[in-house]
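Structure, as structure tokens:
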Amino acid sequence: MGIRRESPRNSPKKKNTLKQLFELDSKPYVGSPLSSPGGAGIDYEHEEFLSAITDCSLVFTFTDPQESPSQQDLKRLRLIQVVSLLKSSRKPLQEDLVSRLVSMVAVNLFRPLPPPSNSTSVISALPDEDDLSTFTPLWPHLQLVYDILLRLVVNVDPKKLKDYINHRFVRNLLFLFQSEDPREREGLKNVFHRIYSRFTSYRSFMREAMNDVFLHYIFETERHCGIGELLEIWGSIINGFGVPLKVEHKLFLMRVLLPLHKGKGLQVYHRQLAYCVAQFVQKEPALGGIIVRRILRYWPITNCHKEVLLIGELEELVENIDPDQYRTLAVPLCSRITRCLKSCNSQASPLGLMITNCLPFVSYYNLMISVRVCHIENLRFQVAERALYVWNNEQFVKMASAAMEEVFPVVVQGMESNLKMHWSKSVKQLTENVKSMLEEMDPTLYEKCLREIDCRESEARREQIRRQQRWTEIEMAASKQNHFLQPTKSMYVSSH
């Protein structure tokens, strides 16, 4: 029971020869060769497409000397051919093509990553654009494969792709974020974000999977190259959260985002992390107090770079915090800022003395120590300078004004200590500017704080004198006791 084509004998109007019928059947289909399974021309194009996919499934390492460069170039051309076919396709792909394409993508992407180039410590800086050691040699092929995967995710119906891009496929993509090549992580970020936006049923699973990566980084390895890219994806996700925030989202903030502030590689992903945290405060300003206290809890002790970053983040958070929380946050925030502005404020600091002591013993080792010490002092100077610039922020000054009686004694003491002892002229100048501003805010309270500082210093000097006197008395009593207990020479001779 099929469609009966009229023979030349049965057609009274038009006579066609057998040759003309064969020519008619052999004409290529005008539409897309990837959409409908009918016609010889379509079959030819279909087989050609499958052949290209098969050629693209051959994986090269680019490190094996036995690999043929011509074969590598051929595969790249075939990948370009697949991309162009996907671009020109205007109708849905057939099921077998989708299956073969996803399999080809998986074969090329899901591979064991090379060992980290620096396995002794966490990545502590952004990758150098001129340093090619972290760039994978596979990128000429991987770039096109990621382009193919992105076009599949964007153009193919998610219902058709669910059988192939499943949870296991997503987890394998997530594993590739550990690649040290920033180009690959950027391509992964685009694909992963598209999957999240189109596969709505996968969203909960993908959020949990990313959270597992964060927690593994925080509490176990402290090494992962793709934290910044994953946080960029999360920034877009948080931007779409509704208000009021769900409990699940608040738990993510408290248990995952805020602990990321204590990571050793914070400077690599801090920009993305600060954006995510700021999104939460903008949606619910009442969370600002909890966030600020938690960041203060994770404050670094010896990492100057992290201190500078966190000071900037706190300054941005203050601008979005609920003003009702100003009074409760003023004292802990101003105390921390004051400790930062007093960083390395001694003109005869132990670091300077170390350099001086190294000079008589000139050696390469001592020279390197001196250079390192100078670098540390310069970083501490940057912390002090950044802390003083916070007082140019109107919202921060308004917050400090909400609890002037409690804040001023701490801040004034820090300012006076900087003016007397800090070695940097620029820091002293900035301190003088902040002091003038505080005196204008409340001259009476500032004078009162100065008198209290003088009283404390006088009492400290008196206590030091008393302590010295007590030690002198103890030393004299000990010397007398030793004199009475020491045996004489005559006693020693008589005993023998």
Side-chain angles (χ1 to χ4, degrees), residues 105-106 109-110 113 123 126-127 142-143 145-156 158 161-162 165-218 221-243 245-246 248-261 263 265-283 291 313:
V105 167
L109 295 185
F110 303 150
L113 296 176
I123 294 178
L126 291 173
L142 292 181
Q143 182 180 14
V145 174
Y146 278 115
D147 193 6
I148 292 170
L149 178 56
L150 184 62
R151 293 184 182 279
L152 283 175
V153 173
V154 172
N155 299 327
V156 180
L161 282 176
K162 274 187 177 181
I165 299 181
N166 48 25
H167 286 188
R168 182 180 180 183
F169 188 95
V170 172
R171 283 195 178 277
N172 288 334
L173 281 179
L174 197 58
F175 169 79
L176 293 176
F177 275 99
Q178 298 183 67
S179 171
E180 292 188 349
D181 192 333
R183 302 169 301 178
E184 181 170 11
R185 297 199 303 271
E186 186 68 21
L188 274 167
K189 181 188 70 176
N190 296 332
V191 171
F192 205 82
H193 192 196
R194 286 289 188 175
I195 293 175
Y196 184 89
S197 62
R198 287 181 58 82
F199 292 71
T200 55
S201 61
Y202 287 5
R203 291 182 178 180
S204 177
F205 162 76
M206 295 176 72
R207 290 197 300 267
E208 292 178 2
M210 286 188 286
N211 290 352
D212 291 341
V213 173
F214 291 139
L215 294 174
H216 186 72
Y217 167 79
I218 296 168
T221 63
E222 286 196 335
R223 180 181 182 88
H224 196 289
C225 298
I227 298 296
E229 285 78 11
L230 292 175
L231 285 173
E232 281 192 44
I233 298 173
W234 261 108
S236 177
I237 294 172
I238 296 169
N239 194 27
F241 285 169
V243 178
L245 295 171
K246 297 180 180 179
E248 171 197 353
H249 302 153
K250 293 180 181 179
L251 288 176
F252 166 72
L253 169 68
M254 304 303 298
R255 296 177 179 178
V256 179
L257 281 186
L258 294 181
L260 280 171
H261 286 84
L266 176 66
Q267 53 266 37
V268 178
Y269 56 81
H270 179 262
R271 178 179 59 83
Q272 297 91 337
L273 177 61
Y275 176 77
C276 291
V277 174
Q279 290 285 311
F280 275 98
V281 179
Q282 290 175 7
K283 289 181 179 295
I291 292 172
E313 183 176 358

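In what follows, residues are counted from 1 in the order of the sequence shown. Treat the numbers as computed from the prediction; the structure is a model and nothing was measured. All values below were derived from every heavy atom in this structure, side-chain atoms included, with hydrogens, water molecules and symmetry-related copies excluded.
No donor-acceptor pair closer than 3.5 Å links the side chain of H216 to the backbone N or O of V213. Side-chain atoms of R185 do not come within 3.5 Å of backbone N or O of G228 as any donor-acceptor pair. Under the 3.5 Å distance criterion, the side-chain polar atoms of R198 are matched with a main-chain donor or acceptor of V153. Looking at N172, its side chain does come within 3.5 Å of a backbone N or O of R168 through a donor-acceptor pair. Looking only at distances, a side-chain donor or acceptor of K283 sits under 3.5 Å from a matching main-chain atom of F241. Listed for the Y196 side chain is no donor-acceptor partner under 3.5 Å among the backbone atoms of I233.
Residue R207 qualifies as enclosed at atom CZ: its count of foreign heavy atoms under 6.0 Å is above 12. Residue R203 qualifies as enclosed at atom CZ: its count of foreign heavy atoms under 6.0 Å is above 12.
Checking E229, E232, E184 one by one against K189, the side chain to side chain donor-acceptor pair (under 3.5 Å) holds for a single residue, E232.
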Given the rule in the side chain to side chain contact (heavy atoms under 4.5 Å, CB included) test, do F252 and I237 qualify, once you have shown the distances and angles that lead to the verdict? CA-CA 12 Å; F252 166 72; I237 294 172; over 6 Å; no
Could you go step by step and tell me if E208 and R171 meet the salt bridge (charged side-chain N to carboxylate O under 4.0 Å, His left out) rule? CA-CA 11 Å; E208 292 178 2; R171 283 195 178 277; over 6 Å; no
Step by step, work out the side chain to side chain contact (heavy atoms under 4.5 Å, CB included) result for Y217 and L260. CA-CA 9 Å; Y217 167 79; L260 280 171; 3.8 Å; yes
Assess whether side chain to side chain contact (heavy atoms under 4.5 Å, CB included) is satisfied between L230 and Y269, documenting all intermediate values. CA-CA 10 Å; L230 292 175; Y269 56 81; over 6 Å; no
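In this structure, Q279 and Y275 have side chains that are in contact, with non-hydrogen atoms separated by less than 4.5 Å. Residues F192 and M206 form a side-chain contact, since some pair of their non-hydrogen atoms from C-beta on lies under 4.5 Å apart. Counting heavy atoms from C-beta outward, L161 and F169 have side chains that stay 4.5 Å or more apart. For the pair F205/F199, no side-chain contact is recorded, criterion being any heavy-atom separation below 4.5 Å from C-beta on. No side-chain heavy atom of L152 sits under 4.5 Å from any side-chain heavy atom of I165. Contact annotation: the side chain of L173 approaches that of L149 to within less than 4.5 Å [non-hydrogen atoms, C-beta and beyond]. V105 is listed as a side-chain neighbour of I148, based on a closest heavy-atom distance under 4.5 Å. By the 4.5 Å heavy-atom criterion applied to side chains, Q272 and W234 are not counted as neighbours.
Remark: L245 CG to L253 CG distance equals 8.5 Å, nearest 0.5 Å. Atom CG in D212 sits 10.5 Å away from atom CE in M210 (nearest 0.5 Å). Atom CZ of F214 sits about 4.0 Å away from atom CG of L231, to the nearest 0.5 Å. Taken from CD1 in I195 to OH in Y202, the straight-line distance is 9.0 Å, to the nearest 0.5 Å. Considering CG of L142 and CG of L109, their distance stands at 6.5 Å, rounded to 0.5 Å. Atom CD of E222 and atom CD1 of I227 lie 11.0 Å apart (nearest 0.5 Å).
Between Q178 and C225, the shortest heavy-atom distance links the atoms O-SG, 3.7 Å.
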